[in-house]
Number of protein chains: 2
Amino acid sequence: MAGHITGESPIQREPGIANLMSSHKQVLAHAEAQCADKGTKLTQKRKTVLQGLLQTQQAMSAYELADYCRDELGESMPPMSVYRILEFLEGEQLVHKLKLANRFVACVHITCDHKHAVPQFLICEQCHRVSEVSIKESTLRALRNNVETAGFKLASPQIELNCVCDTCAVAG
Amino acid sequence: MAGHITGESPIQREPGIANLMSSHKQVLAHAEAQCADKGTKLTQKRKTVLQGLLQTQQAMSAYELADYCRDELGESMPPMSVYRILEFLEGEQLVHKLKLANRFVACVHITCDHKHAVPQFLICEQCHRVSEVSIKESTLRALRNNVETAGFKLASPQIELNCVCDTCAVAG
DNA sequence: TACATAAATGATATGATATATCATATTTAT
DNA sequence: ATAAATATGATATATCATATCATTTATGTA
């Protein structure tokens, strides 16, 4: 019953920890204000979970997040609470669930005020690093066309792709 | 420990059971020949699992398939064997694993001799019906471009999309 | 045929992700 | 101050999946 974070590959934090910390503070403040506007509350626990996702910069499972919050952020966090909190954060569009990986990521657009484009998630199968990029309108239209011709509708415009990141590709 | 097939929505079999049965027979024969060519064997158990996928026309979990084989096809089938057999069938390209749904489908191109196009799977979130369509070369190129710009590589060109089929959309 | 080897399947244990439900604590409104 | 609503804790259980060892079945060769 050791930690849930698989040790396969280290977590990458390019811009230096200190900068990230302070930028996370801003993101959290923004998220809190956004919730307040909508009449919901970003409680301490919810903030901690979101902070975990912001800091690790990885797609995390609920159980991994529970461990991370307890061990690194000093906040006791039963996994079932994490699931509930993630559900809340998803509803607030602060977090995305990646079905392809059964993991969760912080939305990279929390501090943007404009409407988000359709996200395209590139998920490294090996280290779970995630890149959230925007899909071109024309590409999305082509996909949607395929879908509707087949008698389906896109349930969520979000697109997830099985990838390998360059770092793992080199290492592999 | 009741059946694993969720009763939410009935399985749809448009062309009439009898026709499907006979066409499945052909598909199975083709699959068997294909294996023989490669020096592998489509055993009785493997045939039964593939038949289950062909008949239900749904994305099925391994456990659902185990139940289906036992109850509907009269072949005792421990879930762990189903996993092994699905792995084999995937290797033979007779079956695809849909990570988005944690389920498996029969490949719709088993009887085609030409090389398959890149598959795009439309998965109904509600009834797990799946449509396997081909993605246009230009669309795939656009996606791949997005991916490589972000420093990733597509691990599998297979694309899975969260959808709702028209039947469920009407019912819902 | 008899035997050795390889391949396939059976059986069990366990891990990992997720949902359901009821109890308790905290916040909010009146 | 109290009731109602919201948030969190705790437990049980469902669901998807892998690892491992035992047993059976098929295959090749003396």
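Residue numbering restarts at 1 for every chain, and letters A, B, ... go by the order of the sequence lines. Please read all numbers here as calculations on a predicted model, not as lab measurements.
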Distances under 3.5 Å between nitrogen or oxygen atoms of protein and nucleotides 18-27 of chain D:
none

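One can place CZ of A:Arg46 at 15 Å from C1' of D:dG9, the figure rounded to the nearest angstrom. Rounded to an integer number of Å, the gap from CG of B:Asp67 to P of D:dC16 is 11 Å. Atom-to-atom, NZ of B:Lys99 to P of C:dT17 comes out at 13 Å; the value is rounded to the nearest Å. In this structure, the CZ atom of B:Arg103 is 13 Å from the C1' atom of D:dA17, given to the nearest Å. The CD atom of B:Glu125 sits 14 Å away from the P atom of C:dA18 (whole-angstrom rounding). In this structure, the CE atom of B:Met77 is 10 Å from the C1' atom of C:dT9, given to the nearest Å. Note: CD (A:Glu87) to P (C:dT19) measures 8 Å, nearest angstrom. Rounded to a whole Å, the CG atom of B:Leu89 is 14 Å from the C1' atom of C:dT9.
The hydrophobic cluster analysis finds B:Val164 isolated: no Ile, Leu, Val, Met, Phe, Trp or Tyr side chain comes under 4.5 Å of it, directly or through other members.
When the C1' atoms of four end pairs are superposed on the next four at each end of the helix from C:dT1-D:dA30 to C:dT30-D:dA1, using five pairs per end, the two resulting axes differ in direction by 10°, to 10°.
Partners of B:Ala106 by side chain to side chain contact (heavy atoms under 4.5 Å, CB included), not counting sequence neighbours, listed by chain and number: B:Leu50, B:Leu53, B:Leu54. Residues meeting the ring-ring contact (aromatic ring centres under 6.0 Å, His included) test with B:His30, sequence neighbours left out: none. Residues forming a ring-ring contact (aromatic ring centres under 6.0 Å, His included) with A:Phe121 (at least two apart in sequence, or on another chain): A:His96. Applying the side-chain hydrogen bond (donor to acceptor under 3.5 Å, both in side chains) test to A:Glu32 and every residue at least two apart in sequence or in another chain returns A:Lys47.
Remark: B:Ser61 is in phosphate contact with D:dC16, judged by side-chain N or O atoms under 4.0 Å from OP1 or OP2. Between A:Ser81 and D:dG9, a side-chain N or O to OP1/OP2 separation shorter than 4.0 Å is present. Taking side-chain N and O atoms only, A:Thr43 has a distance below 4.0 Å to OP1 or OP2 of D:dT8.
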Per-pair distances, 0.1 Å, donor-acceptor, side chain in residues 77-85 of chain A, under 3.5 Å, sequence neighbours excluded:
none

May I have the list of side-chain donor-acceptor pairs in residues 145-159 of chain B shorter than 3.5 Å, sequence neighbours left out?
{"unit_1": "B:Asn146", "atom_1": "ND2", "unit_2": "A:Gln120", "atom_2": "OE1", "d": "2.6"}
{"unit_1": "B:Asn146", "atom_1": "ND2", "unit_2": "A:Ser134", "atom_2": "O", "d": "3.3"}
{"unit_1": "B:Thr149", "atom_1": "OG1", "unit_2": "B:Asn145", "atom_2": "O", "d": "2.9"}
{"unit_1": "B:Ser156", "atom_1": "OG", "unit_2": "B:Gln158", "atom_2": "N", "d": "3.0"}
{"unit_1": "B:Gln158", "atom_1": "NE2", "unit_2": "B:Lys97", "atom_2": "O", "d": "3.2"}
{"unit_1": "B:Gln158", "atom_1": "NE2", "unit_2": "B:Glu160", "atom_2": "OE2", "d": "3.1"}

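For B:Asn102 and A:Ser76, each mapped to the nucleotide of DNA chain D holding its nearest heavy atom, the one lying further toward the 5' end belongs to A:Ser76.
Surrounding CD of A:Gln93 are at most 12 heavy atoms belonging to other residues, nucleotides or ligands under 6.0 Å away.
B:Val108 and B:Leu161 fall into different hydrophobic clusters, defined by Ile, Leu, Val, Met, Phe, Trp and Tyr side-chain heavy atoms under 4.5 Å apart, directly or through other members.
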